[in-house]
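Down below is the structure, laid out as structure tokens.
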Amino acid sequence: MEVVLLPTPEDCGRVVADAVAGSVLAALGRGGPVVLGLATGSSPLLAYRELLRRHREEGLSFDGVEAFLLDEYVGLPAGHPESYREVIRRELTDELGLDPAVVHGPDGAAADPLQAAHDYEDRLLAAGPVAVQVLGIGANGHLGFNEPGSSLASRTRVKTLTEQTRIDNARFFGDDVTAVPRHVITQGLGTILGAEHLVLVATGEAKAAAIAAAVEGPLTASCPASVLQLHRHVTLVVDEAAGAQLTRADYYRYVLSHKLTDQGW
Ligand code: F6R
């Protein structure tokens, strides 16, 4: 796993945008449909803004790309402003010129969410593999909404959020924890591992313990993000605050400053 330790969240946003654009453009260059995996939440927002800037000012085009979301709340009606489909449309895909018809997410409003989760896994497998998957991380080490204890081999399914995750996400619901759904449909850890390139971004000290556990701790369901250690192509982008508990920080900086010219992300 490549750990990219950078001074500021803005630097992280630029590198994540580089890594995502690089993998998408390379996949488009190979021909055929390209799948981009998207996370929601605060962590990727600066990267999404940077992608939009490049789209506006530098002609970066994602024509031919289909997007698949990592997860969705169960029980919010379609079109709810905090449903992840709506959030991603607002924050990225509309302005990037992606037709809503090619932006897919689990159907959290379905009458049968268990079946909707299976259906989403099938749709993703049929469209995939995901060329590049953007990821955030929870302060408890969750990846997608695979809370601690999730099977490292899990596939897309319904999960129950921890109370802490609901509290963390209440900021998007007017600070009303009771408005945050209890259940979600999330890609499983095994599903996420199927992507060709994983790009995780984390900023701020609240993520420092989770990042250290994911990168340098044991492979364990108690820190779902430690499953990244099994993947062959991970770019993990953190600012100094989120990287503060990494014991090999000096080595990661050394590797970064000695990257070969064409090494890419
Ligand atoms: C969002 C997701 C979550 C978030 C994580 C961090 O689609 O899957 O794993 O990435 O909860 O959230 P933020 O970035 O808001 O701190």
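All residue numbers in this chain count up from 1 along the given sequence. Values reported hereafter were calculated over all heavy atoms of this structure, with side chains retained and with hydrogens, waters and symmetry mates removed.
- Evaluation of the salt bridge (Lys or Arg N to Asp or Glu O under 4.0 Å) rule for Asp112 yields no partner, not counting sequence neighbours.
- Remark: side-chain polar atoms of Lys259 are paired, donor with acceptor, to backbone N or O of Gly264 under 3.5 angstrom.
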From CA spacing to verdict: side chain to side chain contact (heavy atoms under 4.5 Å, CB included), Ser150, Leu189 = CA-CA 8 Å; Ser150 291; Leu189 295 170; 4.1 Å; yes
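- With contacts defined as side-chain heavy-atom distances shorter than 4.5 Å, the pair Glu2/His233 does not qualify.
- Under the side-chain hydrogen bond (donor to acceptor under 3.5 Å, both in side chains) criterion, Ser42 pairs with Arg171, sequence neighbours left out.
- Applying the side-chain hydrogen bond (donor to acceptor under 3.5 Å, both in side chains) criterion to Glu66, with sequence neighbours excluded, gives His104.
- Residues satisfying the side-chain contact (heavy atoms from CB on, under 4.5 Å) test with Arg232, not counting sequence neighbours, are Glu196.
- Using a 4.5 Å heavy-atom threshold, the side chains of Leu6 and Val15 count as touching.
- A 4.5 Å side-chain heavy-atom check between Ser43 and Lys207 finds at least one atom pair inside the cut-off.
- Asp11 is linked by a salt bridge (Lys or Arg N to Asp or Glu O under 4.0 Å) to Arg14, counting only residues two or more places apart in sequence or in another chain.
- Residues Leu25 and Leu60 form a side-chain contact, since some pair of their non-hydrogen atoms from C-beta on lies under 4.5 Å apart.
- Looking only at distances, no side-chain donor or acceptor of Glu50 sits under 3.5 Å from a matching main-chain atom of Ala47.
- Legend: residues meeting salt bridge (Lys or Arg N to Asp or Glu O under 4.0 Å) with Glu86, ordered by chain and number and at least two apart, are Arg89.
- Within the structure, every pair that satisfies the side-chain hydrogen bond (donor to acceptor under 3.5 Å, both in side chains) test and touches residues 69-85, not counting sequence neighbours, is listed here: Tyr73-Tyr84, Tyr73-Asn169.
- Classification of Arg49 and Glu10 as a salt-bridged pair fails, no side-chain N sitting under 4.0 Å from a carboxylate O.
- The shortest non-hydrogen separation linking Gly141 to Ala210 is N-CB, 3.8 Å.
- To the nearest 0.5 Å, the span separating CG on Asp94 from CG on Asp99 amounts to 9.5 Å.
- The hydrophobic cluster containing Leu230 also contains Leu200, counting ILVMFWY residues as joined when their side-chain heavy atoms lie under 4.5 angstrom apart, directly or transitively.
- You'll find the side chain of Phe62 reaches within 4.5 Å of the side chain of Val24, heavy atoms only.
- Heavy atoms only, all atoms of each residue included: Gly144 and Leu70 are closest at CA-CD1, 3.8 Å.
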Could you walk me through whether Leu228 and Leu236 pass side chain to side chain contact (heavy atoms under 4.5 Å, CB included), step by step?
-> CA-CA 9 Å; Leu228 297 176; Leu236 192 133; 4.0 Å; yes
Can Met1 and Gln229 be said to form a side chain to side chain contact (heavy atoms under 4.5 Å, CB included), step by step?
-> CA-CA 7 Å; Met1 148 165 30; Gln229 296 174 24; 3.7 Å; yes
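- For the pair Ala242 and Ala202, the tightest heavy-atom approach, listed with the atom from each and the gap, is CB-O, 3.5 Å.
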Intermediate values then yes/no, salt bridge (Lys or Arg N to Asp or Glu O under 4.0 Å), Glu121 and Arg157 = CA-CA 8 Å; Glu121 173 84 16; Arg157 69 217 180 290; over 6 Å; no
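- Residue Ile167 is found in a hydrophobic cluster whose other members, listed by chain and number, are Val177; membership requires side-chain heavy atoms under 4.5 Å apart, directly or through intermediates.
- Put simply, OG1 on Thr186 and CZ on Arg155 are 12.0 Å apart, with the number rounded to the nearest 0.5 Å.
- In this model, a donor atom of one side chain and an acceptor atom of the other lie less than 3.5 Å apart for Glu147 and Thr162.
- Note that OG1 of Thr156 and CD of Gln187 are 5.0 Å apart. Values are rounded to the nearest 0.5 Å.
- Between Leu36 and Val132 there is a side-chain heavy-atom pair separated by less than 4.5 Å.
- No continuous path of hydrophobic side-chain contacts links Leu69 to Leu125 [ILVMFWY only; heavy atoms under 4.5 Å].
- For the pair Asn146/Ile192, a side-chain contact is recorded, criterion being any heavy-atom separation below 4.5 Å from C-beta on.
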Can you check side chain to side chain contact (heavy atoms under 4.5 Å, CB included) on Tyr48 and Leu38, steps first, answer last?
-> CA-CA 10 Å; Tyr48 293 164; Leu38 294 172; 3.6 Å; yes
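- Clustering ILVMFWY residues whenever any of their side-chain heavy atoms sit less than 4.5 angstrom apart, transitively, puts Leu135 in the very cluster that holds Ile137.
- Follow the hydrophobic side-chain contacts under 4.5 Å out from Leu143 and you reach Leu246 in the same cluster.
- Applying the side-chain hydrogen bond (donor to acceptor under 3.5 Å, both in side chains) test to Thr235 and every residue at least two apart in sequence or in another chain returns His197.
- Looking at residues two or more places apart in sequence or on another chain, you find a side-chain hydrogen bond (donor to acceptor under 3.5 Å, both in side chains) between Thr247 and Glu216.
- Applying the side-chain contact (heavy atoms from CB on, under 4.5 Å) rule to Pro33 yields no partners; only residues at least two apart in sequence or on another chain are considered.
- The heavy-atom pair separating Ala213 from Ser226 by the smallest distance is O-CB, 4.3 Å.
- How far CG of Asp63 is from CG of Leu98: 8.0 Å, rounded to the nearest 0.5 Å.
- Electrostatic pairing of Arg90 and Glu95 does not count as a salt bridge here, judged by no charged N lying under 4.0 Å from a carboxylate O.
- With rounding to the nearest 0.5 angstrom, the SG atom of Cys12 is 9.0 Å from the CD atom of Glu240.
- Here CD of Glu58 is found 10.5 Å from CG of Leu51. Values are rounded to the nearest 0.5 Å.
- Smallest separation of non-hydrogen atoms from Pro7 and Asp239: O-CB, 4.2 Å.
- Within the 4.5 Å cutoff, side-chain heavy atoms of Thr165 are placed close to those of His142.
- Among residues two or more places apart in sequence or in another chain, the salt bridge (Lys or Arg N to Asp or Glu O under 4.0 Å) test is passed with Arg123 by none.
- A continuous path of hydrophobic side-chain contacts links Ile88 to Leu96 [ILVMFWY only; heavy atoms under 4.5 Å].
- Considering every non-hydrogen atom in both Ala27 and Ala131, the closest pair reads CB-CB, 3.9 Å.
- Ring geometry for Tyr254 against His258 counts as tilted: the plane angle lies between 30° and 60°, on a 0 to 90° scale.
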